[in-house]
Engineer: 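Take this structure first; my questions come after.
All heavy atoms count here, side chains included; hydrogens, waters and symmetry mates do not. Source: prediction; values computed, not measured.
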Amino acid sequence: MIRLATWNVNSVRARLPVVLEWLREARPDIVLLQETKVQDAAFPRDPFADEGYNIALFGQKTYNGVAILSKFPLDDVVCGFPALGEGQEARYIEAFTGGVRVASVYVTNGQAPDSPKYERKRQFFEALRARAQTLLSYGEALILGGDYNVAPTDADVYDPQAWHEKILCSTPERAWLQSLMDLGFTDALASQVLPSGKRPFTWWDYRGNGFPRNAGLRIDHLLLSESARTCLHEVEVQSVWRAQEKTSDHAPVMGVFRRPVS
DNA sequence: ATGGTGGCGATGCCA
């Protein structure tokens, strides 16, 4: 089995103790990190290397930053999208590792539908879709994991009325994500429906006691190519890690895959 | 209630 997780950690340096505890307990083989918020030279490599991980980085100061940790060698590392040019924000890194091609994705938040950042979110999805189309043509097991900053349906939102056409939930954003899915991806968590009728949330706002009230959204996703989907054994949101002290506002999503993945 | 909490970095910006 291969254990693969995605987690928006909201600063890898501020989160180091809880992330290391999580690594030891959850024992993922491959980790897709988002919002590391650190330049590559200042990334805390040693604690992760000591846990047995190889490391691929696309970092940035203060904002954004993505990384891949893997117990397997990391090959074919690619950072960013050609379409977004030099100096683009650090929001995408991919690698081939353990027989699967993976990417850590941190989609632009967009701020609000009437913000200039909303158009940048659309452009990011456009560039991601183009790259995903190329990767799917390889016919490999492919997993695009990360913080997509889109709740796909109202079942992924604790209060759909309050979030109606708001950022993360607006109709165009859902269409951008769906257009990516329509290339041939399966949303690993989409089939999970709780007794409440909701799907498991992955992000809860720090503000207003979001987690204790379960006022959350499902915006972190594992998107699986067909050959990755056929290997999927189980997947869960590890919300216990959202309950810790000094933790991220996102929970990890862990998928377990039968080998060989490809 | 147009707030609120948190990270970064030293102030507002971003989420």
Engineer: B:dG6, OP1 or OP2 - any side-chain N/O from A:Arg15 closer than 4.0 Å?
Structural biologist: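 No, no such contact exists.
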
Engineer: Decide if the gap between the ring center of A:Tyr148 and the ring center of A:Trp176 is smaller than 6.0 angstrom.
Structural biologist: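 Judged by ring-centre distance (under 6.0 Å), A:Tyr148 and A:Trp176 do not meet the cut-off.
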
Engineer: Starting at atom CG of A:Asn209, determine the distance to atom P of B:dT5, rounded to an integer number of angstrom.
Structural biologist: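 Distance check: A:Asn209 CG to B:dT5 P gives 9 Å.
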
Engineer: Return the value, rounded to whole Å, for the distance between atom CG of A:Asn109 and atom P of B:dA15.
Structural biologist: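 A:Asn109 atom CG is separated from B:dA15 atom P by 5 Å.
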
Engineer: Does a distance-only test, which skips hydrogens and angles, find a donor-acceptor pair under 3.5 Å between the side chain of A:Tyr63 and the base of B:dC13?
Structural biologist: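 In this structure, the two groups form a donor-acceptor pair.
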
Engineer: A:Phe211 vs A:Trp204 aromatic rings, parallel, tilted or perpendicular, using cut-offs 30° and 60°?
Structural biologist: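 Rings of A:Phe211 and A:Trp204: perpendicular, over 60°.
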
Engineer: Starting at OH of A:Tyr206 and ending at C1' of B:dG7, how long is that distance when rounded to a whole Å?
Structural biologist: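 Going from OH in A:Tyr206 over to C1' in B:dG7 covers 8 Å.
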
Engineer: Mind checking A:Tyr106 for me? I need base, sugar-phosphate or nothing, with any heavy atom below 4.0 Å counting as a touch.
Structural biologist: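 The answer is sugar-phosphate, as A:Tyr106 gets under 4.0 Å only of primed atoms, P, OP1 or OP2.
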
Engineer: Does A:Arg213 reach a base, just sugar-phosphate, or nothing at all? Heavy atoms under 4.0 Å.
Structural biologist: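 Contact class for A:Arg213: none.
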
Engineer: Could you check how far CZ of A:Arg120 sits from C1' of B:dA15, rounded to whole Å?
Structural biologist: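 Going from A:Arg120 (CZ) to B:dA15 (C1'), I get 13 Å.
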
Engineer: Expressed as a whole number of angstroms, how long is the span from A:Glu89:CD to B:dA15:P?
Structural biologist: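 For the pair A:Glu89 CD and B:dA15 P, the rounded distance is 8 Å.
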
Engineer: Taking CG from A:Asn64 and C1' from B:dA15, how many angstroms apart are they, rounded to a whole number?
Structural biologist: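 Spelled out: CG on A:Asn64 to C1' on B:dA15 is 10 Å.
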
Engineer: Looking at B:dG6, I'd like to know if its phosphate oxygens (OP1 or OP2) sit under 4.0 Å from a side-chain N or O belonging to A:Lys246.
Structural biologist: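 Indeed not, no polar side-chain atom of A:Lys246 lies that close.
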
Engineer: Does B:dA15 have OP1 or OP2 under 4.0 Å away from a side-chain N or O of A:Arg91?
Structural biologist: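 Result: yes.
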
Engineer: Which whole-number value in Å describes the distance from A:Asp249 CG to B:dG7 C1'?
Structural biologist: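 Distance check: A:Asp249 CG to B:dG7 C1' gives 10 Å.
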
Engineer: B:dC14 P sits how many Å from A:Gln34 CD, rounded?
Structural biologist: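 Distance check: A:Gln34 CD to B:dC14 P gives 20 Å.
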
Engineer: Taking the nucleotide of DNA chain B with the closest heavy atom to each, which residue, A:Thr62 or A:Lys117, is nearer the 5' end?
Structural biologist: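 Its nearest nucleotide lies further toward 5', so the answer is A:Thr62.
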
Engineer: Sticking with atom C1', work out how far B:dG12 lies from B:dA1, rounded to a whole angstrom.
Structural biologist: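 So the two C1' atoms sit 22 Å from each other.
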
Engineer: On a whole-Å scale, what distance lies between the P atoms belonging to B:dT2 and B:dA15?
Structural biologist: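 It comes out at 23 Å once rounded to the nearest Å.
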
Engineer: Is the A:Trp203 ring parallel, tilted or perpendicular to the A:His250 ring (thresholds 30°, 60°)?
Structural biologist: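 Because their plane-to-plane angle lies in the 30° to 60° range, the rings of A:Trp203 and A:His250 count as tilted.
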
Engineer: Do the ring centers of A:Phe43 and A:Phe48 come within less than 6.0 Å of each other?
Structural biologist: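 Yes.
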
Engineer: For the side chain to side chain donor-acceptor pair (under 3.5 Å) test, which of A:Lys166, A:Arg122, A:Lys121, A:Gln178 pairs with A:Glu173?
Structural biologist: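 Result for side chain to side chain donor-acceptor pair (under 3.5 Å) with A:Glu173: A:Lys121.
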
Engineer: Starting from the 5' end of DNA chain B, give me the residue, A:Thr36 or A:Trp203, whose nearest nucleotide shows up first.
Structural biologist: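 That would be A:Thr36.
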
